[in-house]
2 protein chains.
Amino acid sequence: MPSVSPYSSAKKRARIVETAERLVHERGFGATTLADIAHASGVPLGNLYYYFKTKDAIGDALVDRLGARHEEIRRAWDESLPPVGRVLAFIEASLETRESLARSGCAIGGLCSELHKEPGPLAARAATLFEAFLGWLTTQFKQMGKGAESRELAFHLVSSLQGAALLANTFHDTKQLARECKRLMAWTYSLAAED
Amino acid sequence: MPSVSPYSSAKKRARIVETAERLVHERGFGATTLADIAHASGVPLGNLYYYFKTKDAIGDALVDRLGARHEEIRRAWDESLPPVGRVLAFIEASLETRESLARSGCAIGGLCSELHKEPGPLAARAATLFEAFLGWLTTQFKQMGKGAESRELAFHLVSSLQGAALLANTFHDTKQLARECKRLMAWTYSLAAED
DNA sequence: GTCTATAGGCAGATAGAC
DNA sequence: GTCTATCTGCCTATAGAC
């Protein structure tokens with residue numbers, strides 16, 4: 001049973017996942033070793049196996065954490081903004097994190113690109129992160145009165161940002177990414193004005 | 001000195017690179033082992049080192065091959081089509097290879113996504129593959145009379161196709177990719193009609 | 001629960017016979 | 001030039017002391 005101190009099992013487990021998420025974002029899943037994660041989170045290598053049976057289990061936990069954080073962000077937007085504002089906030093998030101995107105690419109896009117080379121359980125879980133955003137965006141477009149084409153609009157938006165993030169990372173440049181974000185924001189405004 | 005038989009050094013070397021290119025596209029660079037390449041190209045493992053000093057040298061050769069093939073395709077388009085037709089042919093190439101894109105993603109995009117996690121000489125070489133397409137597309141847009149914005153138009157096009165390819169691979173689905181290709185073809189036509 | 005030590009396996013790379 | 005055998009090192013995972 002975990003203790004209740006600030007350095008309890010749960011906290012240590014969370015720190016491991018947090019570190020793993022950062023390293024995997026920066027280096028990729030395959031290129032991140034358990035020794036890297038152990039060292040960066042201040043835990044002895046062997047001890048990782050008390051918290052996670054396998055490396056893939058760390059991958060699962062990392063995807064869960066990523067999904068939960070993004071879900072929380074979407075809920076905050078749901079509670080404070082109208083549908084158009086939510087879509088704009090989604091685009092603006094890429095604009096605001098453009099330095100990180102240029103340095104290490106998109107965390108979700110990178111995972112899907114790497115893991116979907118050949119299918120596996122972890123790859124399928126990574127895809128659900130995209131699916132969550134696509135579903136949420138589809139809902140926003142529907143609430144903007146876009147009806148059946150809402151899913152395609154959502155796809156266009158996610159797809160555009162992913163491509164821009166990939167090129168930003170490739171050329172370590174934020175300018176074209178920023179331009180694409182602004183184009184997509186104008187596109188969102190024009191969709192809203194159609195009604 | 002290489003022999004001149006159909007199974008000469010040069011041919012064997014070419015077969016190794018060809019095989020490596022396919023496997024790396026399907027599995028990624030890090031996940032492809034020299035043993036995989038040796039086995040799939042019918043060459044004993046140790047013999048790879050007669051043709052290539054290191055794994056990275058195979059990566060270099062693979063990027064060269066990819067770049068040379070694409071350059072040839074662009075030259076063929078240059079010789080047979082007007083600027084608008086070249087841009088349309090570029091988009092149509094993604095449409096035609098959509099099954100492969102859904103199965104393994106874009107070969108160039110996958111390489112850049114994987115290798116640019118942290119910079120290295122091979123990553124820089126992979127980026128030149130994108131740069132070649134961006135430069136060529138910029139020329140086409142300029143010839144279409146687009147002037148200074150040509151570079152941004154080229155970026156938008158490559159970026160859009162990369163995003164669509166990533167999602168096609170993630171969901172193993174070609175429909176939204178096809179839709180995005182058609183949208184980009186219509187976009188190209190509308191650019192051409194602006195003059 | 002925590003940590004050290006190490007097993008077991010596979011990767012890239014090399015040596016050297018033919 | 002070609003191939004077999006093998007070295008070395010790192011990575012995941014485990015055993016077992018404390």
Side-chain angles (χ1 to χ4, degrees), chain A residues 1-21 23-24 26-63 111 114-115 117-118 120-123, chain B residues 1-21 23-24 26-63 111 114-115 117-118 120-123:
Chain A
M1 196 199 224
S3 94
V4 289
S5 88
Y7 301 109
S8 68
S9 277
K11 293 239 176 195
K12 195 177 267 188
R13 190 191 149 98
R15 198 171 68 233
I16 291 168
V17 178
E18 183 187 336
T19 304
E21 190 190 314
L23 291 179
V24 167
E26 289 170 2
R27 314 178 186 184
F29 185 75
T32 302
T33 69
L34 294 176
D36 291 337
I37 297 169
H39 180 75
S41 53
V43 168
L45 175 58
N47 202 1
L48 284 186
Y49 289 92
Y50 174 74
Y51 299 96
F52 302 96
K53 262 207 239 297
T54 65
K55 186 183 181 184
D56 270 20
I58 297 184
D60 281 341
L62 167 173
V63 168
L111 268 180
E114 178 181 356
L115 300 175
K117 286 291 173 180
E118 295 196 36
L122 189 50
Chain B
M1 195 197 219
S3 95
V4 290
S5 88
Y7 302 109
S8 68
S9 278
K11 295 240 175 193
K12 195 178 270 189
R13 190 191 149 96
R15 197 171 69 235
I16 291 168
V17 178
E18 184 188 337
T19 304
E21 191 190 315
L23 291 179
V24 168
E26 289 169 3
R27 312 177 186 184
F29 185 73
T32 301
T33 69
L34 294 177
D36 291 337
I37 296 170
H39 181 76
S41 53
V43 167
L45 174 58
N47 202 0
L48 283 186
Y49 288 91
Y50 173 73
Y51 298 97
F52 302 97
K53 262 206 238 301
T54 64
K55 187 184 182 186
D56 271 20
I58 296 184
D60 281 342
L62 167 173
V63 169
L111 268 180
E114 177 181 357
L115 300 176
K117 285 291 171 182
E118 296 197 37
L122 190 49

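Chain naming here is simple, since letters A, B, ... match the order of the sequence lines and numbering starts at 1 in each.
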Please check this pair: side chain of A:R27 against backbone of A:T32, looking for a donor-acceptor N/O pair closer than 3.5 Å.
no

Taking only the side-chain heavy atoms of A:K12 (C-beta and beyond), determine which of C:dG1, C:dC3, C:dG12 contains the nearest atom.
C:dC3

Looking only at side-chain N and O atoms, does A:Y50 come under 4.0 Å of OP1 or OP2 in C:dT2?
no

Does C:dT2 have OP1 or OP2 under 4.0 Å away from a side-chain N or O of A:S9?
yes

Out of D:dC3, C:dA13, D:dA13, which nucleotide sits closest to the side chain of B:P44?
D:dC3

Note, B:I58 side chain near B:V24 side chain (heavy atom, < 4.5 Å)
no

Rounded to whole Å, please give me the gap between CZ in B:F52 and P in D:dT2.
13 Å

Rounding to an integer number of Å, can you tell me how far B:Y49 OH sits from C:dT14 P?
7 Å

Starting at atom CG of A:L122, determine the distance to atom P of D:dT12, rounded to an integer number of angstrom.
14 Å

Would you say A:D60's side chain and A:A57's backbone share a donor-acceptor pair under 3.5 angstrom?
no

For A:K55 and D:dC10, what is the distance between atoms NZ and C1' respectively, to the nearest whole Å?
12 Å

For A:H39 and D:dC11, what is the distance between atoms NE2 and P respectively, to the nearest whole Å?
13 Å

Of A:K53 and A:D36, the one whose nearest nucleotide on DNA chain D sits closer to the 5' end is A:D36

Rounded interatomic separation in angstrom, taking CG from A:L34 and C1' from D:dT12
6 Å

Between C:dG12 atom C1' and B:F29 atom CZ, what is the distance in whole Å?
11 Å

Quick one: which of C:dG12, D:dG1, D:dC11 gets closest to the side chain of A:T33?
D:dC11

pair B:F29-B:D56: side-chain heavy atoms closer than 4.5 Å
yes

Closest of C:dA13, C:dT2, D:dT2 to the B:N47 side chain is D:dT2

Heavy-atom donor-acceptor pair, B:R13 side chain to B:Y51 backbone, under 3.5 Å:
yes

Side-chain atoms of A:L45 come closest, of C:dC3, C:dA13, D:dA13, to D:dA13

What nucleotide among C:dT2, C:dT14, D:dG1 has an atom nearest to a side-chain atom of A:Y51?
C:dT2

